[in-house]
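Notes follow the structure.
Throughout, a chain's letter reflects where its sequence line sits, starting with A, and its residues are numbered from 1.
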Protein chains: 2
Amino acid sequence: MVFACVGAVQGIDMKDEKDEKKSEKPGKEKKVVGGRDQLIQAALILASTTRSLASLGLREIARAAGLNPNTFYRHFDNFDDFTLTMILQLGASLRTSVRECWQQPMRKIPPADSADAAARIRRAQAIVKASTALIFDHFDAHKNTYITGIREIHGASPLLRKATNELVKNIADDLANDVLLHLQLPADDEKVVRETSLAIVRQMTFIGYEYLEFPKRREALQQQAEHFALLLVVGVISTQAPELMESMAQVLSAAKLS
Amino acid sequence: MVFACVGAVQGIDMKDEKDEKKSEKPGKEKKVVGGRDQLIQAALILASTTRSLASLGLREIARAAGLNPNTFYRHFDNFDDFTLTMILQLGASLRTSVRECWQQPMRKIPPADSADAAARIRRAQAIVKASTALIFDHFDAHKNTYITGIREIHGASPLLRKATNELVKNIADDLANDVLLHLQLPADDEKVVRETSLAIVRQMTFIGYEYLEFPKRREALQQQAEHFALLLVVGVISTQAPELMESMAQVLSAAKLS
DNA sequence: CATAGAAGTATACATCTGTATACCTCGTGC
DNA sequence: GCACGAGGTATACAGATGTATACTTCTATG
């Protein structure tokens, strides 16, 4: 009833935000990246340092990207559309690049005599060690992506949960396939190798996140990761190929002294 | 300048929310629980079904609890104060109750002849199996707490991350202590047992969350959990006490046929 | 060259949020 | 028997947010 004055109030939303983003290099390379990628990049930084992806605000992201809030709608329908696109895009790139971390050692470390069980086990050990180091470097190189991605694995959004869990599963399957092909292990049961790979990737989720939060702990965490992987390898061999146990015992007792 | 009318506008915030919470049972047991616990309970349900704990709104929680937003400040200073209190309280209760899940099988399954290595290994197997079943029941009984807690392990709030990670570590230490005392395993190296326990608890984080999201998968997940734990036990024994390998091989090949 | 569409901006506004101030209502201890 | 403090409520308001409408560039293609 007393709202008659409302019509007269003008411009109360003017200067909503005081962006000072005018005329940065009005020369040639003005829009080297599209607003779409600017938004994704801004959201990645925000999500990895302040909040969960799904809880970010559309205005907040646009502000961080130096863009108008409405620009958001030019590229994405929903907020879900945005976050999902982002996770899928980042995830796909991560998946292919992390695979190199174990494929390279598998290629570089020469195959062992397939009759010499002990040599094959030693080779597996060496590959685990080299791969772990490369994976930690990979964490460093993709810090924000890892933090944001891992955060959504058990996050609140069912959509992102599904996407990230599929990513984990795919990475684990890549690992399993490569192990089956190139590790020269007597792994009769493919299912066991797949399950074990999944367990390793999941564990690396914890270790990697801890590493990114406390980089100083790298040495201890790297060793923990190697240890864990080797424990599983030994476990798999013991249950799948008990006939190799004695040669494994030799390798292990030799390693204990080092 | 055109805001002269603002002073005249009255009651624009009246009836902020249309709560219909008047006079529910005006009889005796009116306030059986304090508002403090009502808030915690409401937040637990909201967090486990809709959003991350730290991203909940204070008004949202109060609304769900049927209380006035300001009641919040009667019990907690900050929002951080609230969430931290909540996690610590729920976590402490969870820690003591989950311990029973493995302590009970350890008590109920009779000790094996300490000279009979194979018997001790079979006992460990039985304890793992029984404990896993109880732990899955525990997931069911504390669904909301698990979902909310696990979500914060890699969540955005450093405070909650610290609290939940300490909880995980404490639960893992409980497990390690009980294993060292009651599992009759030749575990020379205490550090290995602690690390392995941590890995198991972390893995159960994934498996438990998946179970709570897809209860139908219980059987497969339970088996996966048992499998994983046994693989680690075998791995630990192989590396710590290679002299037990041959009796282990017997048990394993016998189990394979079953 | 014209022009249509894509990308971006400006303004607006209803709605929700955290919080401040003030008031009410018990049960307890003096 | 009364003062007081803890727990709870009512009202208010400044600020932020998502989104709608309309305007302005650019840029590619006929």
Could you pull out the closest heavy-atom pair between A:L198 and A:A172, with the gap in Å? CA-CB, 3.6 Å
Residues forming a salt bridge (Lys or Arg N to Asp or Glu O under 4.0 Å) with A:D80, sequence neighbours excluded: none
Atom CG of B:L67 and atom P of C:dT19: how far apart are they, to the nearest Å? 17 Å
From CG of B:L58 across to C1' of D:dA16 the rounded distance in Å is 16 Å
Take atom CZ of A:R59 and atom P of D:dA20, then tell me their distance rounded to the nearest Å. 13 Å
Taken to the nearest whole Å, CD/B:E60 to P/D:dA16 is 20 Å
Whole-Å gap separating P (C:dC23) and CG (B:N68): 16 Å
Under a 4.0 Å heavy-atom cut-off, which of residues 71-83 of chain A touch DNA chain D? A:Y73, A:R74
When rounded to whole Å, the CG to C1' distance for the pair A:N70 and D:dA22 reads 11 Å
For A:F139, the ring pair (Phe, Tyr, Trp, His ring centres under 6.0 Å) test, sequence neighbours excluded, returns A:F136, A:Y146
For the side chain of B:R63 and the base of C:dT17, is some donor closer than 3.5 Å to an acceptor across the two? no
Please set out all donor-acceptor pairs under 3.5 angstrom arising from side-chain atoms of residues 70-77 of chain A, sequence neighbours excluded.
unit_1 : atom_1 : unit_2 : atom_2 : d
A:N70  : ND2    : A:N68  : OD1    : 3.4
A:T71  : OG1    : A:N68  : O      : 3.0

For A:R202, the salt bridge (Lys or Arg N to Asp or Glu O under 4.0 Å) test, sequence neighbours excluded, returns B:E210
Selection residues 133-154 of chain A - residue pairs positive for salt bridge (charged side-chain N to carboxylate O under 4.0 Å, His left out), sequence neighbours left out: A:D137-A:R218, A:D140-A:R218
